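Given the structure is predicted, the values throughout are model-derived calculations rather than measurements.
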Amino acid sequence: MKVVNLKQAILQAWKERWSDYQWAINMKKFFPKGATWDILNLAEALLEQAMIGPSPNPLILSYLKYAISSQFDDFSRDLCVQALLDILDMFCDRLSCHGKAEECVGLCRALLSALHWLLRCTAASAERLQEGLEAGTGPGEKQLAMCLQRLEKTLSSTKNRALLHIAKLEEASSWTAIEHSLLKLGEILANLSNPQLQSQAEQCGTLIRSIPTMLSVHSEQLHKTGFPTVHAVVLLEGTMNLTGETQPLVEQLMMVKRMQHIPTPLFVLEIWKACFVGLIESPEGTEELKWTAFTFLKIPQVLVKLKKYCHGDKDFTEDVHSAFEFLLKLTPLLDKADQRCNCDCTNFLLTECSKQGLLSEASVNSLTAKRTEDREQAPQLKSGENANIQPNPGLILRAEPTVTNILKTMDADHSKSPEGLLGVLGHMLSGKSLDLLLAAAAATGKLKSFARKFINLNELNEFTTHGNGESTKAASVRALLFDISFLMLCHVAQTYGSEVILSESSPGAEVPFFETWMQTCMPEEGKILNPDHPCFRPDSTKVESLVALLNNSSEMKLVQMKWHEACLSISAAILEILNAWENGVLAFESIQKITDNIKGKVCSLAVCAVAWLVAHVRMLGLDEREKSLQMIRQLAGPLYSENTLQFYNERVVIMNSILEHMCADVLQQTATQIKFPSTGVDTMPYWNLLPPKRPIKEVLTDMFAKVLEKGWVDSRSIHIFDTLLHMGGVYWFCNNLIKELLKETRKEHTLRAVELLYSIFCLDMQQVTLVLLGHILPGLLTDSSKWHSLMDPPGTALAKLAVWCALSSYSSHKGQASSRQKKRHREDIEDYSSLFPLDDTQPSKLMRLLSSNEDDANILSSPTDRSMSSSLSASQLHTVNMRDPLNRVLANLFLLISSILGSRTAGPHTQFVQWFMEECVDCLEQGSRGSILQFMPFTTVSELVKVSAMSSPKVVLAITDLSLPLGRQVAAKAIAAL
């Protein structure tokens, strides 16, 4: 066939399906080289033919691509380059492809090579201009301006940048080449004299460099100054989890900062504000010391870790300085804290921050001067009133190095001369030393090793009873070491939670006596003990000898006494004594003498006796309790005989505090009152906070309404919410609070409610998330009678809350549960395996819910009826463990979302899904592979793009897993079709 013109040649190539290089060879045969070659308008003709049908003709486009990449590297041929630039001008801002996914990825690659060509062309034009081949404003400058114009036009389209983002992940080597070209271009343009072209080139460079980080740019909230979530998370941690490690807290705070886009200075300010509020409102006594340790020892450590997350040391110190500047403006807050602590709190904090490298010396000096000036105007207390009280912050900061010294002292071998230890322990017992040291140890993560030392000391007693000759002095030292260590361990367990005491058990290792006793015999909140448990029924001969000893001798003997055995035998001995008293064998005077003997030397015996009595009283009828309660009264009352063992008064103070904690539950249940010797401080400030005779649902709704009105959660309300969560269970708690959220109709109220609810849910985030995403949301989304409650604003708020909870739980559930969550004695809400079965052969409960609501029930009746591709998600390709309840709940929620988007019925539930996805995109960081969106089926992407608010290239990039080839194909297809 004789080719008459170019159009004919193109048609023949298409009919015969020539490959791109065949096309090039044949074209050279048909058309001789020379001037005609440029005049043929080859590119325009190819483009015109390629665009005739409804979708571009990939074969003819491949000829054009081949021509671009192979034919026109000679940038000195101006007309060729200009022709190509004209082609680029035609399509660079309106690229689209409605073909297969592979073709769309091909388009991304083609755009990447076109960008590379453009950069090289720009560099060549700039070089020629620089070399001065053309004087004045000749064609060189014109060509450079044309190149930069095309670059700008190509890159200003977000769609193009998104396609290039995918291409960069597909072809890392080509991207490296682009970065090199960009550097080279920058060097050449730096010497150009034309400022307009220079700034245009810089703009293009910035756009190219922004392509890899397209998804990580978030605008920060600048219109708000208060962030109740940060406030509540800090308060929750300070009130309930002083012993927790800092890393989980840092991660949780960073998660809140990211999700709410909080600027760093305001974020740090909110942390300090929460600390000062905690200091001011903490009840006197142990709680106050805990808060002081949290503020002055733990939070500076938390900020040191936050510094690693926030980029750049210098910037972070500036942010901390700004935060303090804001803080100094809150004069009433600081004055009140200073008044409460009887010192200049800010000064202590600034010194600590300076030590940790969080503030420069100049900053500290200027901030201290400013605060000193402000303090002169503060309302002064009468000088005599607080003059003798030492400020807690100073004491806590001094206690911290003392903890380290005590740990070192206790590490030494004291088996030969244990008297040396008594001096150290005696010093610890006096005044509030013990609570100060424990608070400092808890805040610096040393409490566990502190407890281990006391356990070892308590065990030491067992091995020093061998041999016949034990002097009275040695016996009393041994008794004191046992008693003090036992009391301290009980005190630590009650103040900071029993998990601080427990060791990581290695198989075959013997469990220490105190651990065994604590787990089986020690009453704790929510723990029910069996008074007939074998641990309360030791060897009968030992019990008889102990009863005889208590009843007959004038005082407790110490020599050769095995205290571990006595502690285990005392429960059975008390039962014998009670029976004798009940049956009139013993008179009240004898009982008084026996109780004096029990607590007269070694307080631990009284603690073990009361522990059993508490379990025993629970099992008795109303008319049978009197004698047992009388016995508790006697053990808790003052001593009638002389005390002859060292540090008795100090030990009794700790014993009474332990007994009060142990008896609290049972006294409330039996409506009994026992007067414990008062130390002038409420030892159980957060106990029994619920108002009597009121339904707990009313208490919950009232409490939430108060918190919402106030705008922040205080420590007392945190404790009430925690009690209600224990009492009502997770589903009841979560469901009722969500109902309260959905009642709100004002936008600013709903947003505040979400911030507060998220922080309240932090009490047990994992379980709350499972209930919210696995039960409450599917219930709302699949029941058309409830759709009206999902309207804006409460619907938007619920979507936000659901995403925040899902992200927090998913990011933290790989780590360990925090100690406050381990305390819960509660089974899972429901067996998640029946709710969401593992294999796809049986329809899950969720899918049955879906099918009952859908016109076309066949599509959704069960996962087996759906084609594999419609439910395939990135999580399956990453082989995520689907036996994990949270993963199952997320996978099923995204299946539900996918089906709502694909269904024929639109309504508020469809709108809710859009808000949910928008919030996911808003909260996600770029490159966070393995986020909750990996559970979304790939097919959802094309459905989502149909929703106008979601049809943007950035959204598509954000919701697909670009680390997977299939994810990149799905994204390319969706973006190319926009």
Side-chain angles (χ1 to χ4, degrees), residues 242-246 285-286 288-302 304 341 343 347-349 351-357 389-461 464 477-478 480-493 495-497 500-501 503 512 514 646-647 649-651 653-654:
L242 180 61
T243 51
E245 288 180 26
T246 49
T286 315
E288 188 183 352
L289 295 178
K290 279 185 180 180
W291 257 109
T292 313
F294 180 72
T295 305
F296 295 93
L297 293 176
K298 192 168 184 176
I299 288 294
Q301 293 297 329
V302 167
V304 168
C341 298
C343 66
N347 193 12
F348 277 115
L349 265 189
T351 314
E352 280 307 296
C353 288
S354 171
K355 275 188 209 164
Q356 302 292 349
I389 300 174
Q390 281 193 297
N392 283 336
L395 292 171
I396 279 285
L397 293 168
R398 286 211 297 280
E400 196 249 339
T402 316
V403 168
T404 317
N405 293 337
I406 289 175
L407 288 174
K408 278 183 194 161
T409 310
M410 291 180 78
D411 270 338
D413 181 15
H414 294 282
S415 50
K416 302 282 186 292
S417 58
E419 297 89 355
L421 259 186
L422 264 185
V424 177
L425 297 180
H427 174 69
M428 282 177 72
L429 292 176
S430 60
K432 56 180 181 183
S433 298
L434 179 61
D435 283 331
L436 270 168
L437 291 166
L438 292 180
T444 49
K446 293 176 186 152
L447 190 60
K448 215 165 174 57
S449 51
F450 221 64
R452 294 253 51 81
K453 300 281 184 287
F454 286 128
I455 282 183
N456 295 340
L457 186 61
N458 196 262
E459 292 293 295
L460 185 72
N461 170 69
T464 48
V477 168
R478 194 167 57 78
L480 275 171
L481 290 179
F482 174 81
D483 197 35
I484 293 173
S485 56
F486 188 93
L487 291 172
M488 283 187 177
L489 287 165
C490 284
H491 184 61
V492 168
T495 315
Y496 294 99
V500 180
I501 308 281
S503 52
F514 185 82
Q646 234 178 329
F647 308 122
N649 294 339
E650 289 87 344
R651 285 182 289 134
V653 170
I654 301 176

Could you check whether any side-chain heavy atom of [X] comes within less than 4.5 Å of a side-chain heavy atom of [Y], counting everything from C-beta outward?
| X | Y | answer |
| --- | --- | --- |
| Leu407 | Val403 | yes |
| Thr246 | Val304 | no |
| Leu425 | Phe647 | no |
| Met488 | Leu438 | no |
| Asp435 | His491 | yes |
| Lys432 | Asn392 | yes |

Just how far is it from atom [atom1] of [X] to atom [atom2] of [Y], taken to the nearest 0.5 Å?
| X | Y | atom1 | atom2 | answer |
| --- | --- | --- | --- | --- |
| Phe486 | Ile654 | CZ | CD1 | 12.5 Å |
| Glu352 | Thr295 | CD | OG1 | 11.5 Å |
| Thr444 | Phe450 | OG1 | CZ | 9.5 Å |
| Leu397 | Phe296 | CG | CZ | 7.0 Å |

Original post:
Is the charged tip of Lys290 near the ring of Tyr496: under 6.0 Å from the six-membered ring centre and within 45° of its axis?
Top reply: yes

Subject >> CA sep, side-chain torsions, deciding dist, call: Ile484, Leu422, side-chain contact (heavy atoms from CB on, under 4.5 Å) >> reply: CA-CA 9 Å; Ile484 293 173; Leu422 264 185; 4.1 Å; yes

**OP:** Please determine, by modelled atom types, if Lys453 and Asn458 share a side-chain donor-acceptor pair under 3.5 angstrom.
**Re:** no

Original post:
Does one side chain, of Lys446 or Thr404, offer a donor that lies under 3.5 Å from an acceptor on the other?
Top reply: yes

Distance-minimising heavy-atom pair for [X] and [Y]:
| X | Y | value |
| --- | --- | --- |
| Pro512 | Ile455 | CB-CG2, 3.6 Å |
| Leu297 | Ala440 | CD1-CA, 3.8 Å |
| Leu242 | Lys298 | O-NZ, 2.9 Å |
| Ala451 | Val500 | CB-O, 4.1 Å |
| Ala293 | Ala443 | O-CB, 3.6 Å |
| Phe348 | Cys343 | CE1-SG, 3.7 Å |

Original post:
Got a sec: does the CD of Glu245 have more than 12 other heavy atoms crowding it under 6.0 Å?
Top reply: no

Sidechain-backbone polar pair: [X] side chain, [Y] backbone, donor-acceptor under 3.5 Å:
| X | Y | value |
| --- | --- | --- |
| Thr351 | Asn347 | yes |
| Arg651 | Leu480 | no |
| Ser485 | Phe482 | yes |

**OP:** State which residue, out of Ile406, Leu395, Leu289, fulfils the side-chain contact (heavy atoms from CB on, under 4.5 Å) condition with Leu437.
**Re:** Ile406

